[in-house]
Peer 1: 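Below you'll find the structure I mean.
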Amino acid sequence: MYQVGELVSYGSTGVCRVSEIINQACPDGEERLYYVMEPLYKACVISVPVDSDKVFIRPIITRDQARRMIELIPTMDCPAFHSRVGRELNEHYTALLKSYDCRDWMEMTISIHAKKRTLLSQKRKFGSVDERYLKQVEELLFGELSAALEISREQVREYVGAQIENLEAS
C-alpha cells in the first residue's frame, strides 16, 4: 500500500502524489479504501480504490535509476518502427506505452526521434501518428524523470536531448 505523500506513476496520467487515503462508500453499500491522488502535471484530483487492478499504478523510479537510464542513452540501439498500416503503428506504440516501464518509454522516445530525423533528412513528412505518440511518451517519461531527479521537465528535455544527440553522433 502506498503512503500519503508518496509519488506514484498512475496509468496514462503520469506522476501523482498520494494526498490522502480515505474510506469511501461504494454504490453496493460497502466501504472501500481509496487513494486520493493529485497529478503533478495536470490540474485535477483522482480517486481510485486501493485494491483496484483496472489501472496500473507503481512507485516512480529512483533518482539513481533515472540517472543511470539517461547515462545509458548513448549505448541504446533503438531502431525506428516503420509501418504503412496505421493500425500496426498504433498497436506498436500503444503496447510500449502500456508497459508502464520507463526503459520502454525511453527506447520509444529514441526510436521516434530517429525516425523523425531520418524522414526530415529525406525531406519527407513526419507522420501525425508518430508525432502524437512522441508527445504522449515524452509527457510520461519526462514527467517521471523530472520527479525522480527533482528538476523541471524542460531541464529533463534538454538533458535527454543532449544524450540523444550523443547517440546520433556516434
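All residue numbers refer to positions in the sequence shown, counting from 1. All values below were derived from every heavy atom in this structure, side-chain atoms included, with hydrogens, water molecules and symmetry-related copies excluded.
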Peer 1: For residues Leu97 and Asp104, determine if any side-chain heavy atom of one lies less than 4.5 Å from a side-chain heavy atom of the other.
Peer 2: no
Peer 1: Could you check Trp105 against Tyr100 for side chain to side chain contact (heavy atoms under 4.5 Å, CB included), going step by step and ending with a plain yes or no?
Peer 2: CA-CA 8 Å; Trp105 293 345; Tyr100 304 110; 4.2 Å; yes
Peer 1: How far does OG of Ser128 sit from CG of Leu134, to the nearest 0.5 angstrom?
Peer 2: 12.5 Å
Peer 1: Scan for salt bridge (charged side-chain N to carboxylate O under 4.0 Å, His left out) pairs involving residues 20-47, sequence neighbours excluded, and state none if there are none.
Peer 2: Arg32-Asp51
Peer 1: Which atom names give the shortest non-hydrogen contact between Pro39 and Cys44, and what distance separates them?
Peer 2: CD-O, 3.1 Å
Peer 1: Might you point out which heavy atoms bring Ala148 and Ile60 nearest each other, and give the distance in Å?
Peer 2: N-CD1, 4.0 Å
Peer 1: Quick check: does any side chain N or O of Ser52 sit under 3.5 Å from a backbone N or O of Val48, one acting as donor and the other as acceptor?
Peer 2: no
Peer 1: Distance only, no hydrogens: is a donor on one side chain within 3.5 Å (strictly under) of an acceptor on the other, for His113 and Glu138?
Peer 2: yes
Peer 1: How far does OG of Ser12 sit from CZ of Phe56, to the nearest 0.5 angstrom?
Peer 2: 12.5 Å
Peer 1: If you draw the axis of the six-membered ring of Tyr41, does the NZ or CZ of Arg153 fall within 45° of it and under 6.0 Å from the ring centre?
Peer 2: yes
Peer 1: Do Asn23 and Leu33 have side-chain heavy atoms sitting under 4.5 Å apart?
Peer 2: yes
Peer 1: Testing the basics here: between Leu141 and Cys102, what is the closest heavy-atom pair and its distance to 0.1 Å?
Peer 2: CD1-O, 3.9 Å
Peer 1: Can you tell me how far apart CD (Glu71) and CG (Asp64) are? Round to the nearest 0.5 Å.
Peer 2: 9.5 Å
Peer 1: Which heavy atom of Gly11 sits nearest a heavy atom of Leu140, and at what distance?
Peer 2: O-CD2, 4.1 Å
Peer 1: Under a 4.5 Å side-chain heavy-atom rule over Ile, Leu, Val, Met, Phe, Trp and Tyr, are Val129 and Val85 clustered together?
Peer 2: no
Peer 1: Between Ser111 and Pro79, which heavy-atom pair has the shortest distance, and what is it?
Peer 2: OG-O, 3.0 Å
Peer 1: Heavy-atom distance under 4.5 Å between the side chains of Met1 and Tyr35, does that happen here?
Peer 2: yes
Peer 1: Is there a side-chain contact between Ile73 and Ile110, using heavy atoms and a 4.5 Å cut-off?
Peer 2: yes
Peer 1: Any salt bridge linking Arg17 with Glu6? Criterion: basic side-chain nitrogen under 4.0 Å from a carboxylate oxygen.
Peer 2: no
Peer 1: Does Met37 belong to the same Ile/Leu/Val/Met/Phe/Trp/Tyr cluster as Val55, with side-chain heavy atoms less than 4.5 Å apart forming each link?
Peer 2: yes
Peer 1: Could you check whether any side-chain heavy atom of Val137 comes within less than 4.5 Å of a side-chain heavy atom of Leu96, counting everything from C-beta outward?
Peer 2: no
Peer 1: Give a yes or no on whether Val160 and Val15 share a hydrophobic cluster (residues Ile, Leu, Val, Met, Phe, Trp, Tyr; joining criterion: side-chain heavy atoms under 4.5 Å apart).
Peer 2: no
Peer 1: The test is side chain to side chain donor-acceptor pair (under 3.5 Å); show your working for Gln155 and Ser152 and say whether it passes.
Peer 2: CA-CA 5 Å; Gln155 287 172 299; Ser152 73; 3.3 Å; yes
Peer 1: Show the nearest heavy-atom pair for residues Cys16 and Ile46, with the distance to one decimal.
Peer 2: SG-CD1, 4.3 Å
Peer 1: Taking it one step at a time, do Tyr133 and His92 satisfy side chain to side chain contact (heavy atoms under 4.5 Å, CB included)?
Peer 2: CA-CA 10 Å; Tyr133 280 103; His92 174 76; over 6 Å; no
Peer 1: State yes or no: do Ile151 and Ile61 share one hydrophobic cluster built from I, L, V, M, F, W and Y residues joined by side-chain heavy-atom distances below 4.5 Å, directly or via other members?
Peer 2: yes
Peer 1: Please report the C-alpha distance between Tyr34 and Val50 in whole Å, then the side-chain angles of each, then the deciding distance to 0.1 Å, and finally whether the side chain to side chain contact (heavy atoms under 4.5 Å, CB included) criterion is met.
Peer 2: CA-CA 5 Å; Tyr34 279 75; Val50 167; 5.6 Å; no
Peer 1: For the pair Arg58 and Glu144, evaluate salt bridge (charged side-chain N to carboxylate O under 4.0 Å, His left out) and give the outcome as yes or no after the intermediate values.
Peer 2: CA-CA 11 Å; Arg58 65 165 170 76; Glu144 187 157 351; 2.7 Å; yes
Peer 1: Could you go through Met106 and Leu145, starting from their C-alpha distance and side-chain angles, then the distance that decides it, and tell me whether this counts as side chain to side chain contact (heavy atoms under 4.5 Å, CB included)?
Peer 2: CA-CA 10 Å; Met106 182 65 77; Leu145 292 173; 4.0 Å; yes
Peer 1: Per the side chain to side chain contact (heavy atoms under 4.5 Å, CB included) rule, which among Lys116, Arg117, Lys115 passes with Leu119?
Peer 2: Lys115
Peer 1: Kindly work out whether a path of hydrophobic side-chain contacts (I/L/V/M/F/W/Y, heavy atoms less than 4.5 Å apart) joins Val4 to Tyr2.
Peer 2: yes
Peer 1: Please determine if Glu131 and Lys135 form a salt bridge, counting it only when a charged side-chain N lies under 4.0 Å from a carboxylate O.
Peer 2: no
Peer 1: Mind checking whether Phe126 and Ile112 have side chains closer than 4.5 Å, heavy atoms only?
Peer 2: yes
Peer 1: For Arg103, is there an ion pair with Glu107 - N to carboxylate O distance below 4.0 angstrom?
Peer 2: yes
Peer 1: May I ask you to decide if the ring planes of Tyr93 and Phe81 are parallel, tilted or perpendicular, using 30° and 60° as cut-offs?
Peer 2: perpendicular
